[in-house]
Novice: 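The structure under discussion is supplied below as structure tokens; questions concerning it will follow.
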Amino acid sequence: MIENLPKTYNPKDFEDRLYDFWMENEYFVAQVDRNKEPYTIIMPPPNVTGDLHMGHALNNTIQDILTRWKRMSGYEALWVPGTDHASISTEARVVNKLAKEGKTKEELGREAFLEEAWEWTRLYGGNIKNQLKKLGVSCDWSRERFTLDEDMSKAVEEVFIRLYSKGLIYRGDRIINWCPDCGTAISDAEVEHVESHGQIWHINYPIKDSDERITIATTRPETMLGDLAVAVNPEDERYKHLIGKTAILPLVNREIPIISDDYVDMSFGTGALKITPSHDPNDFEIGERFNLGQYVVIDEKGYINSNGGPYEGLERFEARKRIVEDLKEEGYLNQVKDHENAVGHCERCNTIIEPIISKQWFVKMEPLAKPALDAYKNGELNIIPERFGKIYVNWLENIRDWCISRQLWWGHRLPVYYCDDCNEIMVSRTEPNRCSKCGSDRISRETDTLDTWFSSALWPFSTLGWPEETEDLKYFFPTDVLVTGYDIIFFWVIRMVFSSLEQMGELPFKDVFLNGLVNDSQGRKMSKSLGNGIDPLEIIDVYGADALRFTLVTGNTPGNDMRFHMEKVEASRNFANKLWNASRFVLMNLDEDVVSKDFNLIDLEEEDKWIISRLNDAIKAVTHNLDKYEIGLAAQKIYDFIWDDYCDWYIEMVKSRLYGDDQASKELAQRVLLYVLKDINRLLHPFMPFITEEIWQHLPHEENALIISQWPVYKEEHRFEESEKTIEYVKSAIKAIRNARAEMNIGPFKKSMIIFVVENEAIKDLIIEGKRYFINLASAEDIEIVNNKEGLDGDYISVVLDKAEAFLPLKDLIDYDKEIERLEKEEERLQAELKRVRGKLSNQGFVSKAPEKVVNAERDKLKKYEEMMDKVLERLESLRRDK
RNA sequence: GGGCGAUUAGCUCAGCUGGCUAGAGUGCCACGUUGACAUCGUGGAGGUCAUUGGUUCGAGCCCAAUAUCGCCCACCA
């Protein structure tokens, strides 16, 4: 006795159970198997203390689809999971937690703080992992990594040392982006420019020993405290005579030179530029050219320091206010204008960035960027969708050195040591005992840690064991595809590419498949502050993981953002329910002794051949779509095949056989039903792993689990073009008859004879072939085929078909006015078609230049419509006459 | 200031290298408790494919402009 599925589809009954089942059988665990081709994906590591959001759900669903598909296709599929220590974010949270306890990290000290952070990580670190499991991800948990693991740290250290010894990492005083709130330097990529309405102040600087003054323009008046010069363009007639003179800084009365530099744009502002080398990147460069030195006035907390004279101790924006007031009061303020400009904000905490000169560690980017650029330009690296290639190129072509040191504790501490006596820098895997230069034993280690992205950049090879020459590394590297959001191309994708090219000598992956962002139903970004976030776990709880996964990958195109709609989740759930019930139907009609026997292609009936042929097409199309990362199209194709072809037509067509007396035909139908259903589940498995596995476990099956079964392949011998034509013809006839009945308000229970008038022998055969279908699906009592209309009385509905006409004698049920109306509508429709086709065919250009196939198709159509039109008109005429 | 994307049915979106009557889901209307499924079935209404011009025998798709919305990049103070 074959056990059927429960009556209702309830994903909660089996999703967790099946995940355990897969885990227990180690189906996710990949082996180094030289007889198989590897397929490798590394998971973009979510923040260890984070929670699963829709972006993760989408991204991981895509990776899981690819992994499951390749696993079923005979590859040794490895998907490496892991988490990221997310230094700034995690450290901020721990600091926050300490603050609530009335403690600061400085009070605690480094050691104790790190203990706290590890504790925090242990506490929340498991969340995201369990949440991912709910989604059904088939990643290899035995290879799970964390960016702060010992071996990951070893890789980080190794890369740092290698780059340093090649001169690609250096330490220097440069203008960096300083976040006063996070208390650390950040890289350019971490600065978000926000367009904002500000003001621009024009300030008069008096000229020494003169009544003249020079007016400068600035959007940050507080930085005037740090001015070391005023610059004008050498060609500027207005100021030529002032070059070389001295200006007096208002309020603080410091003397500064007036210099000239091409950089100054005469047309902007007043044409005179104040130069603050310590707090502006451009000014810094001009300062270098003129040897102006440095004069820092804003400290690490964003307050004016002792160089700021009377403004010392003021917060930077407070200082701005006060300085503007004072300038006004003392008559230095020339004017104030509204001004739009882009203000840099800290990507994480949204604080306004302060450019500050600071001693930091940098990666020299130019030599690294070049190979990364080449790899893309010569086509080795494939970016999908293509348009993001431009972004990749643009970034690399305009790259600036990467500030990698962070004034944080939670992260990889730089393997750098300083001699307390002679300041010698030593980069080393272990702490040196003595200074390599002066021999002093007073050594201290660098306190800074590395940018989180420094370790993520190594992820494709560090997770596989590098710098050790592991078997995993040799077999699984390079990986096949990187699946991630387009929003981290700069942060991550590019850095992985150049790191891998530098360390491994090859690309970390061949393809980069970029997914869009998941927005709310109004197209707004989901965010905590807006409170419009939708928790994937809640969706899974109510609708099941399969429904969520399907929703996320259907009906959108790679790289495009999507809106999340509840209705769509419901639709996906309904689809799962449909498959569930179709499977129940098959199981309840399956005789146990039938399953062992295979079917013989010769015995198949038309509808069997049709569905097998359709399945064959679906297999080909879905595989092709997946190959091209057209996940949404693949999902749609399976959906249509299951719902339209299999459920709406095949199952309905086959019912008469299942309930009939012909034992052989009945058994054959069962076998085909089962055969197709099994392939359906295989095809759908990557998308909806749970329901398909659950159904599979109830179906008679050879492989122990669907997840490790064989992906279906296209078979030439399963192509049945003639049967497809037959069934498609019958389908369209049934639809036409149903349509006519519905329009005439004659319900399905009022059955009638269908008399077909057909002259064409081939069509006659088709209709005889389709008799069962007309009876079951078009409410036919029986069918009859005649050569002409003679002998038929006028009491019928006429349905004009291609090369045939169907008559439904329904006598007194027929409203003839309505019948005329219906046929007139049909006439109108045909008229429009005829006009279009005739127009095309009378166009000489079309007939002579279009491919013959296209022209012939139009000719066939013309003939078909003409014949149909004749019948419609004839019928209309007789109706009008009788009336 | 540059770049990119979007604009297709009431709504959300597909539409692969230009070629059947432009599709789906959802919503809407009508009918339906037929032995898988009302989380369903059958039928229907609903579109100048943003606008203009061009290329082509043929354009939702290619090209050029325009408009609106969104995103990204950017050291004009």
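So that the names make sense, note that chain A is the first sequence line, chain B the second, and so on, each numbered from 1.
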Novice: Once you round it to whole Å, what is the distance between C1' of B:C57 and CD of A:Glu852?
Specialist: 15 Å

Novice: How does protein contact run along nucleotides 8-20 of chain B, one letter per nucleotide 5' to 3', with B for base contact, S for sugar-phosphate only, - for none, heavy atoms under 4.0 Å?
Specialist: ----SSSSS--BS

Novice: Kindly write out the residues that satisfy salt bridge (Lys or Arg N to Asp or Glu O under 4.0 Å) with A:Glu724, not counting sequence neighbours, or none if the list is empty.
Specialist: none

Novice: Contact class for A:Ala571 (heavy atom, under 4.0 Å): base, sugar-phosphate, or nothing?
Specialist: sugar-phosphate

Novice: Checking the side chain of A:Asn394 only, and the main-chain atoms of A:Lys390 only, is there a donor and an acceptor separated by less than 3.5 Å?
Specialist: no

Novice: Check the distance between B:A30's P and A:Asn745's CG and give it to me in whole angstrom.
Specialist: 12 Å

Novice: Salt-bridge test for A:Lys751 and A:Glu781: reply yes if a basic N is under 4.0 Å from a carboxylate O, no otherwise.
Specialist: no

Novice: We want to know whether A:Arg772 and A:Ser656 form a side-chain donor-acceptor pair, criterion being a heavy-atom distance below 3.5 angstrom.
Specialist: yes

Novice: Name the nucleic acid region contacted by A:Glu652, choosing base, sugar-phosphate or nothing; use a 4.0 angstrom heavy-atom cut-off, strictly under.
Specialist: base

Novice: For nucleotides B:U56 and B:A9, find the distance between their C1' atoms and express it as a whole number of Å.
Specialist: 29 Å

Novice: If we take the P atom in both B:G27 and B:C69, what is their distance in whole Å?
Specialist: 31 Å

Novice: Consider ring-ring contact (aromatic ring centres under 6.0 Å, His included). Of A:Phe491, A:Phe388, A:Phe490, A:Trp402, which one does A:Trp395 pass it with?
Specialist: A:Phe490

Novice: Salt-bridged, A:Glu222 to A:Arg220, with N to O below 4.0 Å?
Specialist: no

Novice: Sticking with atom P, work out how far B:C63 lies from B:U55, rounded to a whole angstrom.
Specialist: 15 Å

Novice: Please give, in whole Å, the distance from B:G25 C1' to A:Asp644 CG?
Specialist: 12 Å

Novice: Atom CD1 of A:Ile489 and atom P of B:G5: how far apart are they, to the nearest Å?
Specialist: 13 Å

Novice: Is the closest basic N to carboxylate O distance between A:Asp546 and A:Arg573 below 4.0 Å?
Specialist: no

Novice: What does A:Phe284 touch in the nucleic acid at a heavy-atom separation under 4.0 angstrom: a base, only the sugar-phosphate, or nothing?
Specialist: nothing

Novice: Show me the pairs that pass ring pair (Phe, Tyr, Trp, His ring centres under 6.0 Å) and involve residues 561-586 of chain A, at least two apart or across chains.
Specialist: A:Tyr9-A:Trp580, A:Phe14-A:Trp580, A:Phe550-A:Phe575, A:Phe575-A:Tyr639

Novice: Rounded to the Å, how far apart are A:Asn856 CG and B:G58 P?
Specialist: 20 Å

Novice: Roughly how far apart, to the nearest Å, are B:G10 and B:G46 at atom P?
Specialist: 11 Å

Novice: I'd like the P distance from B:G19 over to B:G35, given in whole Å.
Specialist: 45 Å

Novice: Checking all strands, does A:Arg741 fall into the base, sugar-phosphate, or nothing category for heavy-atom contacts under 4.0 angstrom?
Specialist: nothing

Novice: Is it the case that A:Thr276 and A:Lys274 place a side-chain donor and acceptor less than 3.5 Å from each other?
Specialist: yes

Novice: Taking atom types as modelled and ignoring hydrogens, do the side chains of A:Tyr650 and A:Asp644 form a donor-acceptor contact shorter than 3.5 angstrom?
Specialist: no

Novice: Is it true that atom NZ of A:Lys620 has more than 12 heavy atoms of other residues, nucleotides or ligands lying nearer than 6.0 Å?
Specialist: no

Novice: Expressed as a whole number of Å, how far does the C1' atom of B:A24 sit from that of B:U8?
Specialist: 13 Å

Novice: Would you say the side-chain atoms of A:Thr270 and A:Thr215 include a donor-acceptor pair closer than 3.5 Å?
Specialist: no

Novice: Roughly, in whole Å, what's the span from CG in A:Leu517 to P in B:G5?
Specialist: 16 Å

Novice: Before accepting this row, confirm whether a basic side-chain N of the pair A:Glu821/A:Lys818 lies closer than 4.0 Å to the acidic partner's carboxylate O.
Specialist: no

Novice: Take atom P in B:C11 and the same atom in B:U51, then report the distance between them in whole Å.
Specialist: 16 Å

Novice: Taking atom P of B:G5 as reference, at what distance in whole Å does atom CG of A:Asn519 sit?
Specialist: 18 Å

Novice: Within this structure, what is the NZ-to-P distance between A:Lys390 and B:G5, rounded to whole angstrom?
Specialist: 7 Å

Novice: For RNA chain B, please output the secondary structure as dot-bracket, reading 5' to 3'. Pairs are Watson-Crick or G-U wobble, both atom distances under 3.5 Å; mark crossing pairs with [ ], other-strand partners with |, unpaired with a dot.
Specialist: (((((((..((((.....[...)))).(((((.......))))).....(((((..]....))))))))))))....

Novice: Salt bridge or not for A:Glu728 and A:Lys725, using N-O below 4.0 Å?
Specialist: no

Novice: Taking B:G58 as the reference, what is the distance to B:G15 when you measure between their P atoms (whole Å, please)?
Specialist: 26 Å

Novice: Sugar-phosphate means primed atoms, P, OP1 and OP2; the rest is base. With that split, encode nucleotides 38-48 of chain B 5' to 3' as B, S or - using protein heavy atoms under 4.0 Å.
Specialist: -BSSSSS----

Novice: Would you give a per-nucleotide map of nucleotides 72-77 of chain B, 5' to 3', where B means the base has a protein non-hydrogen atom under 4.0 Å away, S means only the sugar-phosphate does, and - means neither?
Specialist: -SBBBB

Novice: Give a yes/no verdict on a cation-pi contact between A:Arg174 and A:Phe362, requiring under 6.0 Å between NZ or CZ and the six-membered ring centre and an angle within 45° of the axis.
Specialist: yes

